[in-house]
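Note sheet for the following structure.
Note that the coordinates shown come from a computational prediction; the quantities given were computed from them, not determined experimentally.
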Amino acid sequence: MIRSFRHRGVETFFRTGSKAGIQPKHEARLRILLTTLNLASVPGDMDRSGWEFHPLKGTMKNHYAVKVNGNWRLTFSFEGQDAILVDYMDYH
């Protein structure tokens, strides 16, 4: 279950469906990714074909990322069986 967010726009989108804080063209993909992340109990549950799941390094160690579109990624960490610190960023 998703327990916390870093990105307010993604949190609002997840909770209400409002696209005000996200790229509108990412709506469908984010909906799929967030729904799957909410059901995930370990990071590996996000390792799906075409999602480019990978662990992050450096200051983002213990966080993971999946591709949204282009350079945009959904990043997250896990605490127990809960996803935490869910973020949405163009980090490349």
Side-chain angles (χ1 to χ4, degrees):
M1 180 168 85
I2 298 174
R3 196 172 54 189
S4 69
F5 289 84
R6 278 189 175 163
H7 193 282
R8 190 175 312 149
V10 153
E11 180 176 13
T12 301
F13 175 70
F14 177 70
R15 297 193 190 289
T16 70
S18 170
K19 295 179 274 184
I22 65 165
Q23 299 271 333
K25 65 183 178 183
H26 295 164
E27 174 189 9
R29 178 72 167 203
L30 277 172
R31 188 174 316 283
I32 293 166
L33 294 172
L34 290 168
T35 298
T36 305
L37 184 59
N38 194 48
L39 296 170
S41 57
V42 295
D45 289 344
M46 296 298 288
D47 191 5
R48 308 281 176 96
S49 178
W51 289 14
E52 298 182 24
F53 169 81
H54 59 281
L56 300 176
K57 299 176 185 176
T59 59
M60 295 290 288
K61 186 178 178 186
N62 298 320
H63 288 253
Y64 303 87
V66 289
K67 184 176 183 173
V68 177
N69 188 335
N71 291 336
W72 287 88
R73 301 292 182 270
L74 190 70
T75 66
F76 53 91
S77 187
F78 264 79
E79 189 172 85
Q81 293 185 325
D82 296 326
I84 59 170
L85 305 173
V86 178
D87 206 353
Y88 166 67
M89 65 179 82
D90 179 355
Y91 75 80
H92 283 101

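Looking at heavy atoms from C-beta onward, V68 lies in side-chain contact with L30 at the 4.5 angstrom threshold. Side chains of D87 and V10 form no contact here, defined as non-hydrogen atoms less than 4.5 Å apart. Inter-residue side-chain proximity for W72 and K25 is flagged as unmet; no heavy-atom pair is nearer than 4.5 Å.
Y88 pairs with exactly one of Q23, H26, H7 by the side chain to side chain donor-acceptor pair (under 3.5 Å) rule, that one being H26. Under the side chain to side chain contact (heavy atoms under 4.5 Å, CB included) test applied with S4, the options I84, V86, D82 reduce to a single match, I84. Screening L33, I32, T36, V66 for a side chain to side chain contact (heavy atoms under 4.5 Å, CB included) with R48, the sole residue that qualifies is T36.
The line from CG of D45 to CG of N38 is 12.0 Å long, rounded to the nearest 0.5 Å. To the nearest 0.5 Å, the span separating CZ on F14 from CD1 on I2 amounts to 4.0 Å. Rounding to the nearest 0.5 angstrom, the gap separating the CE atom in M60 from the CE atom in M89 is 4.5 Å. Between the CZ atom in R3 and the CD atom in Q81 there is a gap of 11.0 Å [rounded to 0.5 Å].
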W51 and R29: side chain to side chain contact (heavy atoms under 4.5 Å, CB included), yes or no, with the steps? CA-CA 10 Å; W51 289 14; R29 178 72 167 203; 3.5 Å; yes

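A donor-acceptor distance shorter than 3.5 angstrom exists from the side chain of S77 to the backbone of N62, with no hydrogens or angles considered.
Atom CZ of R8 has 12 or fewer heavy atoms from other residues, nucleotides or ligands within 6.0 Å.
When all heavy atoms are compared, the tightest approach of E52 to H54 is O-ND1, 2.7 Å.
Transitive grouping of hydrophobic side chains (ILVMFWY, heavy atoms separated by less than 4.5 Å) keeps L39 and Y64 in distinct clusters. Taken together through direct or relayed side-chain contacts under 4.5 Å among Ile, Leu, Val, Met, Phe, Trp and Tyr, L34 and M1 form parts of separate hydrophobic clusters. Under a hydrophobic-cluster definition in which Ile, Leu, Val, Met, Phe, Trp and Tyr are linked whenever side-chain heavy atoms come within less than 4.5 Å, directly or via other members, L85 and L74 are assigned to different clusters.
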